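Numbers restart at 1 for each chain; the letters A, B, ... are given by sequence-line order, proteins then strands. In this text the structure is predicted, and so the values were computed from the model without any measurement. Worth knowing before you read on, the calculation uses all heavy atoms, side chains too, and leaves out hydrogens, waters and symmetry mates.
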Amino acid sequence: MTEVRVRFAPSPTGFFHIGSARTALFNWLYAKHTGGKFVLRIEDTDKERNTEEALQVLLEGMRWLGLDWDEGPEVGGKFGPYFQSERQAIYDAYLKILKDKDRVYEKDGALWFRLEGERYTEYDEFHKAEIEKVKNTPVVIEDAIRGRVERTEERDFVIVRSNGEPVFHFVNVVDDIAMGITHVIRGEDHLSNTSKHVELFKAFDAKVPVFAHIPLILKQSGPGKMSKRDKGALIEEYEQRSFMADAVRNYICLLGWNPKDDQEKMPIEMIIERFDFPGVNKGNARFDETKLSALNAEYIRDLTSEDFANYASPILASNGVDLASIDSSYLDKVFGLCQAKIKSLETLYEYVFYFFQDTYEFDAKGMQRIQKGVDPKLLLREVMPIFEHTEEYSKEELETEMQAVAEANERKIFAYFPVIRMATSGLTGGPDLLPMLSIMGRERVLPRLQSFFEKL
RNA sequence: CUCCCGUUCGUCUAGCCCGGCCUAGGACACCAGGUUUUCAUCCUGGCGACAGGGGUUCGAAUCCCCUACGGGAGGCCA
């Protein structure tokens, strides 16, 4: 059996679109699954927008998602070059093959591919003109995902523009032949054009690869497929927002593929093992950031505390927290407290910043709520002694003491919580209060309570 | 206008190929309770779908046809 060779052939646009990422991912998964090769080929024929910077965005996104390529930019390979802009000689050679077979003609300065079959002219409603069509035999595509698809290509098409640049359909097929690609896994938006490609493969007497057209990703709301301008469409955005790459990758796998047994969070090794065409869906999927976030949160919770610290530290540092000046055991405790409750790394800083600074704003709504209930000064006066005298500041000790005070004043212990939380963090919500106070310790809690008391 | 692909809870989906085990399962979201009524975690429960119509069949989400809707393509864009 010949080795599976798949490719991802993006055009560097300056963005790494989530749909492209998934196409790359499915190709990569299939290569890994079959023990084949994953080729990265850069379709940079459009000179206008193809810059080095755009290429780096792409490569960086691939790396972030952990999609390594066996052949392509930076790693080379025996089927190179892997930039279409450097493959002109190959295109010329293949063009000559078609010319020799009399399958090419010139019109309006461009080179057209000649279909085989009887010609006739017809008024076309779409083109709003009389155009020449060909009575061609239908092309049959045995799609690995959709099954048998039949389509007739009935118009000659341009393969080399009048400015000399070869068009996508042509270079794509030539490269796939020249690079020995066995399986073409791409978006369903290419399905209609596949008849063009098959016609070309046949004209070259080349073996037609297995096609696998995967469903498209639709935008979160509104009609149409997701485009670069849609919210949440770009991979680099998730990287910037501190999403975990594993979670993003896992989620993208689930858009259009599933293992059939209700498993969702899976290590990549398991996905590689289980990924195959029968598990790929036919219907388009709507992107749902909420679900991505939920999966991301699950990944965060399952991190070892060490890994969590590795993710969290740089985020705090970039928000201005001077980690070097903070006791490492204190930091560990804070991390431990928030890892279990936090939903995203993106909001980590907002969730814990008051552990590291003594001045902060007091949430206005929270203040109102506190004022409305039992006099907060009274509540503070009742519990303050605990925080003055308690030795260990352990969670248990604080709880016992507060419980006693609560009973003495005929209150529930929770009556004190909102005001204490407000005083020590300025917020209405956060980690479990008692452990939080315990970790902060007397040197933070007491002054904050006192100054808050003065303020009231 | 033509052609191609698709259509199960709000969303991602299981089931469909090989009709009965489907009073259609899971996940996210949402709602309600609980975790000695702090809290973005956690637990329990609830809500909620076979696009519509015709067939075929003892029996259809599953097979066939039609319609509707959604998506894509029809470029000297990729």
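Each of A:S162 and A:F417 lies near RNA chain B, and the nucleotide nearest A:F417 is the one positioned closer to the 5' end. When each of A:Q403 and A:G256 is assigned the nucleotide of RNA chain B bearing its nearest heavy atom, the one mapping closer to the 5' terminus is A:G256.
The closest donor-acceptor contact from the side chain of A:N27 to the backbone of A:I185 lies under 3.5 Å.
Here A:Y351 does not pack flat against the base of B:A40, since the 5.5 angstrom centre distance and 30 degree tilt limits are not both met.
Close placement of the A:Y360 and A:F362 rings is indicated, their centers lying within 6.0 Å of each other. No close placement of the A:W28 and A:F8 rings is indicated, their centers lying 6.0 Å or farther apart. Taking the six-membered ring for Trp and the full ring otherwise, the centers of A:F157 and A:F170 sit at least 6.0 Å from each other.
Base pairing of B:A32 is made with B:U44, judged by Watson-Crick or G-U wobble geometry with both donor-acceptor distances under 3.5 Å. Remark: B:A24 base-pairs with no nucleotide; criterion is Watson-Crick or G-U wobble with both hydrogen-bond distances under 3.5 Å. Across every strand in view, B:C3 sits in a pair with B:G72 that passes the Watson-Crick or G-U test at under 3.5 angstrom.
Checked against B:U36, B:A14, B:G75, the side chain of A:H127 finds its nearest nucleotide in B:G75. Of the candidate nucleotides B:A40, B:G6, B:A78, B:A78 has the atom nearest to the side chain of A:N193. Here the nucleotide nearest the side chain of A:L191, chosen from B:G15, B:C4, B:C77, is B:C4. Comparing B:A14, B:U41, B:C1 by their closest approach to the side chain of A:E125 singles out B:C1.
Within the 4.0 angstrom heavy-atom criterion, only backbone atoms of the sugar-phosphate kind lie near A:L254; the bases stay farther away. Within 4.0 Å of A:N281, counting heavy atoms only, lie sugar-phosphate atoms of the nucleic acid but no base atom.
Aromatic ring orientation, A:H169 versus A:H197: tilted (interplanar angle from 30° to 60°). A tilted orientation is assigned to the rings of A:F287 and A:Y238, their planes being inclined by 30° to 60°.
A close approach under 4.0 Å does not occur between any side-chain nitrogen or oxygen of A:K291 and OP1 or OP2 of B:A27.
Across B:C22 and B:C50, the matching C1' atoms stand 10 Å from one another, rounded to whole Å. Only the C1' atoms considered, B:C16 is 10 Å distant from B:C63, to the nearest whole Å.
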Pick out the pairs of N or O atoms, protein on one side and nucleotides 63-71 of chain B on the other, that lie under 3.5 Å.
residue, atom, partner, partner atom, Å
B:G71, OP1, A:G224, N, 3.1
B:G71, O2', A:N284, ND2, 2.9

